[in-house]
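As structure tokens, the structure follows; a few thoughts come after it.
Computed from a prediction, not measured in an experiment: that's the story for all the values here. Atoms within a ligand are numbered from 1 in the order they appear, just like the ligands themselves. In this chain, numbering begins with 1 at the start of the sequence shown.
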Amino acid sequence: MEVKEAPTEALIGGAWRRLERRFPVVSPATGERVAEVADCGEEEAREALEEAVLAFPAWSRATAYERAQVLRRWYERILEHKEPLARLMALEMGKPLKEGRAEVAYAAGFVEWYAEEAKRVYGETVPSQFPHKRILVRYEPVGPVYGITPWNFPAAMVTRKVAPALAAGCTFVLKPAEESPLTALYLAKLFLEAGGPPGVFQVLPTSRPAEVSRPFLEDERVRKLTFTGSTEVGVRLYEEAAKTLKRVSLELGGGAPVLVFADADLERAVEETLRAKFRNAGESCVAANRIFVQAEVAEAFAEAYARRVQALKVGDPLSEETDIGPLVNEAALRKVRTHVEDALAKGARLVAGGEAKGLFFAPTVLLDVRPESLLFREETFGPVAPLTVFREEEEAVRWANGFPVGLAAYVFTRDLSRAFRVAEALEYGIVGVNDGVPSTPQAPFGGVKRSGLGREGGKWGLLEYLEVKYVSLGL
Ligand code: NAD
């Protein structure tokens with residue numbers, strides 16, 4: 001079993017720190033303990049903070065080529081270890097193996113992209129209004145960074161933050177989610193094997209996130225906080241980080257709408273909406289949460305969609321055939337159940353799924369879901385597809401924009417004018433037009449409104465870790 005080879009200690013400086021205090025990682029599929037992991041507290045946090053500050057001058061002054069070499073080797077090792085990483089994710093948070101492999105490739109993609117992009121942090125010169133002056137603009141790393149990641153994408157959420165930070169010349173201390181620390185620790189092991197210097201990337205597993213985070217939030221020398229998780233926790237951390245005026249990136253809750261127009265390629269709309277909804281059992285911040293279908297094609301879409309959903313295989317995340325694994329924990333199951341019961345009580349019709357066995361919730365399709373249902377008002381984070389019929393484009397856009405969040409939205413149409421019009425009208429950071437999975441390392445990922453601040457991925461992800469310095473040169 002790979003877990004025996006996976007590190008379970010904290011990575012502080014360049015060494016694994018064994019701690020007496022441990023916390024369990026439990027498989028949501030079986031309820032069994034997968035591992036006992038070092039439970040860091042304030043003391044370890046303070047130590048890692050000093051190491052990150054100590055490592056910063058050398059790492060930030062290394063050439064971009066030197067940093068790129070470390071990242072490139074890390075990328076290669078991650079790909080070589082695709083299988084153990086996919087198995088760790090299946091064990092610690094229930095992600096089916098085939099999805100785990102896809103996530104590792106996606107996660108490695110960020111490291112590859114930023115290994116290359118590290119060399120292209122170009123400065124600028126700007127024409128001055130004075131003949132005897134020259135204006136130079138250069139980009140410099142912001143400083144040591146503290147990052148917090150969630151459990152739903154235990155590999156990709158780590159590399160999407162760490163790779164651009166390291167490429168920019170920052171050092172990084174990571175606090176992974178308590179449900180999924182093993183993948184993060186394994187990635188850190190691969191980083192050391194790739195020649196990553198001590199203190200440049202450190203990992204603090206803990207069951208006490210607030211205690212470990214406090215020293216980083218309070219310290220002036222930590223110049224940036226990057227967080228992915230719930231809006232509630234994100235807002236609290238934003239307030240804390242304001243006291244030392246840190247740069248802040250927040251990737252928060254979603255609740256994506258899907259708009260299927262009558263002029264869409266229906267088969268494609270069904271397939272892409274299936275991926276947008278049921279990838280990662282719906283436990284994704286860009287998961288389709290509300291599906292609006294135009295009246296003319298509503299019945300045909302619902303029928304084809306339900307048929308495809310019923311063919312999805314629910315089961316052991318370690319089995320090659322499985323499409324849908326368990327939900328992450330009891331609280332997640334309760335939320336999904338409450339949302340379905342509430343929709344049914346308000347008049348929705350169940351056409352597929354609806355039942356649970358242990359933490360395994362059957363992929364579910366509901367028709368005629370009322371807009372006031374919880375399914376439409378909150379992020380469900382589970383394998384439930386609520387369908388509602390709309391008549392006019394304007395009505396669908398109004399419904400889609402009528403929420404406080406704005407991460408991802410999806411539009412299906414073959415009308416080019418409509419594609420542009422609706423994509424521009426949607427108040428979301430990401431719009432997939434005839435595309436159910438737009439996330440990719442080269443593109444900006446992030447939301448507006450209560451979905452957060454900043455972008456990850458592409459050149460925009462690198463800017464989050466760079467300060468602008470203006471040098472005025474008098475001749
Ligand atoms: P969560 O906010 O409870 O936990 C996320 C992380 O924050 C974990 O590492 C947790 O330990 C840490 N945390 C919790 N309380 C903390 C505190 N007081 N101080 C410091 N750290 C603390 O979120 P969750 O329920 O685990 O994750 C699901 C949420 O994350 C969903 O709302 C989802 O939409 C969002 N999410 C967003 C993105 C994105 O990129 N926008 C990606 C994945 C998940």
Original post:
If we ignore angles and hydrogens, is there a donor and acceptor under 3.5 Å between the side chains of T183 and S180?
Top reply: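 Absent: no donor and acceptor within the cut-off.
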Original post:
What residue and atom, counting heavy atoms only, is the protein's closest point to atom 10 (C) of ligand 1, and at what distance?
Top reply: E178 OE1, 3.6 Å
Original post:
Purely on distance, is any nitrogen or oxygen of N152 under 3.5 Å from one on ligand 1?
Top reply: no
Original post:
Only one of V173, I12, V222 clears side chain to side chain contact (heavy atoms under 4.5 Å, CB included) with L49; which?
Top reply: V222
I'd like to know if [X] contacts ligand 1, where contact means a heavy-atom distance under 4.0 Å to any ligand atom.
| X | answer |
| --- | --- |
| G254 | yes |
| F445 | yes |
| R160 | yes |
| K175 | yes |

Subject >> Within-cutoff protein neighbour (heavy atom, under 4.0 Å) for atom 4 (O) of ligand 1 >> reply: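 No, no protein heavy atom sits under 4.0 Å from atom 4 (O) of ligand 1.
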Original post:
Should one rank G229, S451, G253, S213 by closest heavy-atom distance to atom 35 (C) of ligand 1, which comes out on top?
Top reply: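 Comparing heavy atoms across G229, S451, G253, S213, the nearest one to atom 35 (C) of ligand 1 lies in G229.
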Original post:
Does any N or O in the side chain of S373 come within less than 3.5 Å of the main-chain N or O of V369, such that one atom is a donor and the other an acceptor?
Top reply: no
**OP:** Kindly indicate whether the side chain of W151, heavy atoms from C-beta on, has any atom under 4.5 Å from the side chain of E283.
**Re:**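 In contact.
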Subject >> Quiz item: cation-pi between K449 and F403, 6.0 Å / 45° >> reply: no
